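Below is one structure, written out as C-alpha cells; comments come after it.
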Amino acid sequence: MLLSRHTRRREFISLLGGAATWPLAAHAQQAMPVVGFLSTRAPSDDPHLLAAVRQGLKDAGYIEHQNIAIEYRFAENQNDRLSALAADLVHRQVAVIIAGPTPAALAAKAATATIPIVFEVATDPVALGLVASLNRPGGNVTGVTNLGVEVTPKRLQLLPTVTNITLLINPSSPRVAEALFTRFAGGGECAWTYASRPGS
C-alpha cells in the first residue's frame, strides 16, 4: 500500500501509474499486456492526471503503444455506468485495472477477485471495504491514498467557534458518504449532519 499525505496530486497519480506496473511482470511473455483504466470522470476532466498515470508507467519502463496497451473506460460522471464498464474490462482480460476515484475503485473490486486492481482514493480504503488493512491490503486490491479524510477533522479543529457542520455528499456514492460521516463525526464537540445533493 502506497500512502502519501503531502505529495502534490499530479505526483500522487504518477505513483498510481507506477504501482500498476507490479502485476505486469506476470504478463511479460505477452506481446503487449493490456492495462485497464476505469474512471468516474470524462476524458476531458483531468487530462493532466491521465498524463501523470502514463508518466508513472513510463518511469517503470512501460510506454503506451510500444510495450503496453491501455483500455480506457470513462463513466463521464454517471456512476451507474461503472459496473458495466468494470465488467467490460474484466471481459477483456486486462492484466491490471487502474481505478479511481472511490466509486470506480469499488466497482472494479466488485467486478473481479482475480485481476489486480490499483486504486486512487482520498478516503480511508479500510473503512470503504477496499482492503483489509493499510499495511496488508490482502486480496487483489492495493493502491494509493492521500488519506484526506484523516486530515480534514484535524483542520476543522482550527475553527473552535464552529458548532454545526453539514457535509454535502454525492448521492451516487452512499458508501463513501457513510465512511466520511463516520470518520468526521467520530469525535469533537461539533454537531454533524450530512445531506445528499444531486450534482448539477
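For clarity, every value in this text was computed on a predicted model and none was experimentally measured.
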Would you check if [X] and [Y] make a side-chain contact, meaning some heavy-atom pair closer than 4.5 Å?
| X | Y | answer |
| --- | --- | --- |
| Val141 | Phe119 | yes |
| Thr40 | Leu82 | yes |
| Leu50 | Phe37 | yes |
| Met32 | Glu64 | no |
| Ile63 | Leu57 | no |

Atom pair [atom1] ([X]) and [atom2] ([Y]), whose distance is rounded to the nearest 0.5 Å:
| X | Y | atom1 | atom2 | result |
| --- | --- | --- | --- | --- |
| Glu71 | Ile97 | CD | CD1 | 11.5 Å |
| Gln93 | Thr112 | CD | OG1 | 10.5 Å |
| Leu130 | Leu106 | CG | CG | 5.0 Å |
| Gln78 | Leu85 | CD | CG | 9.5 Å |
| Asn67 | Lys58 | CG | NZ | 11.5 Å |
| Asn140 | Ile115 | CG | CD1 | 8.5 Å |

Next item on the list: Decide side-chain contact (heavy atoms from CB on, under 4.5 Å) for Ile98 and Leu38; before the verdict, give the C-alpha distance in whole Å, the side-chain angles of both, and the deciding distance to 0.1 Å.
Entry: CA-CA 6 Å; Ile98 299 174; Leu38 180 64; over 6 Å; no
Check: Do you know which of Pro43, Ser44, Ser39 makes side-chain contact (heavy atoms from CB on, under 4.5 Å) with Arg41?
Finding: Ser39
Notebook entry, point to check: So Ile68 and Val34, side-chain contact (heavy atoms from CB on, under 4.5 Å) or not? Walk me through it.
Noted result: CA-CA 6 Å; Ile68 62 162; Val34 179; over 6 Å; no
Mind listing the closest non-hydrogen atom pair of [X] and [Y] along with its distance?
| X | Y | value |
| --- | --- | --- |
| Pro116 | Ala95 | CD-O, 3.3 Å |
| Ala42 | Asn77 | N-ND2, 4.3 Å |
| Ala87 | Ala111 | N-CB, 4.3 Å |
| Ala105 | Val121 | CB-CG1, 4.2 Å |

Notebook entry, point to check: For the side chain of Asp59 and the backbone of Gly56, is there at least one donor-acceptor N/O pair under 3.5 Å apart?
Noted result: no
Notebook entry, point to check: Val35 and Tyr72: same hydrophobic cluster, using ILVMFWY side-chain contacts below 4.5 Å?
Noted result: yes
